[in-house]
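Taking it in order: structure first as structure tokens, then the write-up.
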Amino acid sequence: MSQLTIIANIHAKPDQIEKVKAALLKLVPITRAEEGCLTYTLHQNNENPAHFTFHENWVSRELWQQHMQAPHLEEYVAATEGAVTEFTLQEMTASV
């Protein structure tokens, strides 16, 4: 089973940037403690502060899928309802 890399992009409404950022930051320590999480890093775009990116590495897709069902992600979705304009996610595998 190969390691899985996730790139998640979140775009907040301009007037909701701080709300979304606070909710995203709450995810970091909880997720880093999850089984199978190798790295979980939040980035904020320097030119567009409403754009956030998570760069994640997981031991396996199965453990990442468990993460996606975690209660803290449900709480994040509820806390940011109506504040996010776009969410995209890419599952990737390293070529080398």
Side-chain angles (χ1 to χ4, degrees):
M1 211 170 290
S2 58
Q3 178 179 310
L4 178 69
T5 297
I6 300 294
I7 305 296
N9 288 287
I10 303 99
H11 294 264
K13 290 182 177 178
D15 63 338
Q16 299 291 313
I17 294 170
E18 291 306 315
K19 177 181 183 174
V20 172
K21 183 177 182 176
L24 292 170
L25 286 170
K26 284 183 183 179
L27 295 174
V28 174
I30 300 166
T31 301
R32 286 181 178 168
E34 287 182 59
E35 179 185 2
C37 180
L38 300 171
T39 60
Y40 191 78
T41 309
L42 178 64
H43 303 268
Q44 187 173 16
N45 188 299
N46 292 337
E47 294 180 17
N48 177 6
H51 178 195
F52 298 91
T53 299
F54 271 116
H55 180 263
E56 313 172 27
N57 286 296
W58 293 86
V59 169
S60 69
R61 187 171 194 276
E62 291 73 24
L63 290 171
W64 171 70
Q65 287 179 317
Q66 288 178 24
H67 158 72
M68 293 302 290
Q69 302 303 315
H72 55 275
L73 282 184
E74 292 177 19
E75 292 168 10
Y76 159 78
V77 170
T80 60
E81 186 174 348
V84 173
T85 61
E86 182 180 348
F87 172 77
T88 61
L89 186 136
Q90 290 91 39
E91 296 182 40
M92 306 178 93
T93 302
S95 295
V96 279

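Note that the structure is a prediction, hence the values are computed from the model and not measured.
Looking at heavy atoms from C-beta onward, Phe52 lies out of side-chain contact with Leu25 at the 4.5 angstrom threshold. His67 has its side chain within reach of Glu56: a pair of non-hydrogen atoms, C-beta onward, lies under 4.5 Å apart. Considering only heavy atoms from C-beta on, His55 comes within 4.5 Å of His43 through its side chain. Contact annotation: the side chain of Phe54 never approaches that of Leu89 to less than 4.5 Å [non-hydrogen atoms, C-beta and beyond]. A 4.5 Å side-chain heavy-atom check between Val77 and Glu74 finds every atom pair outside the cut-off.
Residues Leu63 and Leu4 fall into different hydrophobic clusters, defined by Ile, Leu, Val, Met, Phe, Trp and Tyr side chains chained together at heavy-atom separations under 4.5 Å. Following chains of ILVMFWY side-chain contacts shorter than 4.5 Å, one cannot reach Val59 starting from Tyr40, and the two form parts of different hydrophobic clusters. Transitive grouping of hydrophobic side chains (ILVMFWY, heavy atoms separated by less than 4.5 Å) keeps Ile30 and Trp58 in distinct clusters. Val28 and Leu38 sit in two unconnected hydrophobic clusters of ILVMFWY residues. Membership requires side-chain heavy atoms under 4.5 Å apart, directly or through other members.
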Any chance you could lay out the side chain to side chain contact (heavy atoms under 4.5 Å, CB included) test for Lys21 and Leu24, step after step, and finish with the verdict? CA-CA 5 Å; Lys21 183 177 182 176; Leu24 292 170; 5.6 Å; no
May I have the list of side-chain donor-acceptor pairs in residues 10-17 shorter than 3.5 Å, sequence neighbours left out?
from	atom 1	to	atom 2	distance (Å)
Lys13	NZ	Gly82	O	2.8

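Once rounded to the nearest 0.5 Å, the distance linking CD1 of Ile7 with CE of Met92 reads 6.0 Å.
Residues Thr53 and His51 approach most closely at OG1-NE2, 3.3 Å, considering heavy atoms. What you find for Gln3 and Asn57 is that their closest heavy atoms are NE2-OD1, 3.1 Å. Closest non-hydrogen pair, Glu47 versus Asn45, comes out as N-OD1, 2.7 Å. Minimum interatomic distance between Lys19 and Ala79 (heavy atoms only, all atoms of both residues): CE-O, 3.0 Å.
Pairs passing the side chain to side chain donor-acceptor pair (under 3.5 Å) check and including a residue from residues 77-96, sequence neighbours excluded, read Arg61-Glu91.
Arg32 places no side-chain N or O within 3.5 Å of a backbone atom of Cys37 that could act as its donor or acceptor partner.
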